[in-house]
Amino acid sequence: MTEISSSSLRICRADYANPVHARAVVELLDAYARDEAGGGKALSDFAKTHLVKELAARPQAFSVLAFAGEQPVGLINCIEGFSTFACRPLVNIHDVAVLPGHRGQRVGERMLALVDQIARERGACKLTLEVLQGNRSAIRLYERVGFAGYQLDPAMGQAQFFHKWLD
């Protein structure tokens, strides 16, 4: 199943070939990028122009959209990775965005339910994501649906997320 509907909200797997979905992915990701939680800076023109084509070219990528009526209000972008310890796929939730006027209405929770379902269909062993410490509402959402900080041995502490730009 790639869609969850109720009277007020439709959650679906994005079809990158569908112009409505393609536009929604770019618009929602740009809105998220402009938000304080997304860095406060608009997507580049390059990203806006090429994002959907590049996602569609990667079979390990998928997106979930939320629509209130015809208005796109939520987006999750996911990239399948691989757990060497489990020797199974994992799904990294790379972006979670809900427009400000629709936050607090369980849109993110419902999108995450579809991500969970798609990940299980792919045989994934787990979902992963990163979240900024100051994004308290996102942390509450993730904990509510079963996410927790990653650690192997409590004596070694929780994992930290690092990155290094290459250009």
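In this text the structure is predicted, and so the values were computed from the model without any measurement.
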(request) Could you check F67 against V20 for side-chain contact (heavy atoms from CB on, under 4.5 Å), going step by step and ending with a plain yes or no? (result) CA-CA 11 Å; F67 290 89; V20 171; 4.3 Å; yes

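- F85 is linked by a ring pair (Phe, Tyr, Trp, His ring centres under 6.0 Å) to nothing, counting only residues two or more places apart in sequence or in another chain.
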Please tabulate, for the side chains in residues 124-135, all donor-acceptor contacts under 3.5 angstrom to protein atoms that are two or more places apart in sequence or on a different chain.
from	atom 1	to	atom 2	distance (Å)
T128	OG1	N92	ND2	2.9
N135	OD1	A138	N	3.3

Please tabulate, for side-chain N and O atoms in residues 156-167, each donor-acceptor pair with protein atoms closer than 3.5 Å (sequence neighbours left out).
none

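- For residues 96-124, no pair satisfies ring-ring contact (aromatic ring centres under 6.0 Å, His included), with sequence neighbours left out.
- Taking CG from L28 and CG from L75, the interatomic distance works out to 5.5 Å, rounded to the nearest 0.5 Å.
- With sequence neighbours excluded, the residues satisfying side chain to side chain donor-acceptor pair (under 3.5 Å) with D116 are R120.
- Linking Ile, Leu, Val, Met, Phe, Trp and Tyr whenever their side-chain heavy atoms come within less than 4.5 Å puts V96 and V145 in one cluster.
- The side chain to side chain donor-acceptor pair (under 3.5 Å) test applied to R103 returns D35, not counting sequence neighbours.
- For residues 54-65, the salt bridge (charged side-chain N to carboxylate O under 4.0 Å, His left out) pairs, not counting sequence neighbours, are E54-R58.
- Every residue two or more places apart in sequence or in another chain that forms a side chain to side chain donor-acceptor pair (under 3.5 Å) with R144 is listed here: E109.
- With sequence neighbours excluded, no residue satisfies ring pair (Phe, Tyr, Trp, His ring centres under 6.0 Å) with Y32.
- Every pair passing side-chain hydrogen bond (donor to acceptor under 3.5 Å, both in side chains) that includes a residue from residues 15-30 is listed here, sequence neighbours excluded: Y16-S63, D30-R34.
- Within the structure, the salt bridge (charged side-chain N to carboxylate O under 4.0 Å, His left out) test picks out the following pairs touching residues 68-83 (sequence neighbours left out): E80-R122.
- Residues forming a ring pair (Phe, Tyr, Trp, His ring centres under 6.0 Å) with H94 (at least two apart in sequence, or on another chain): none.
- Between the CG atom of L114 and the CD atom of E121 there is a distance of 8.0 Å, given to the nearest 0.5 Å.
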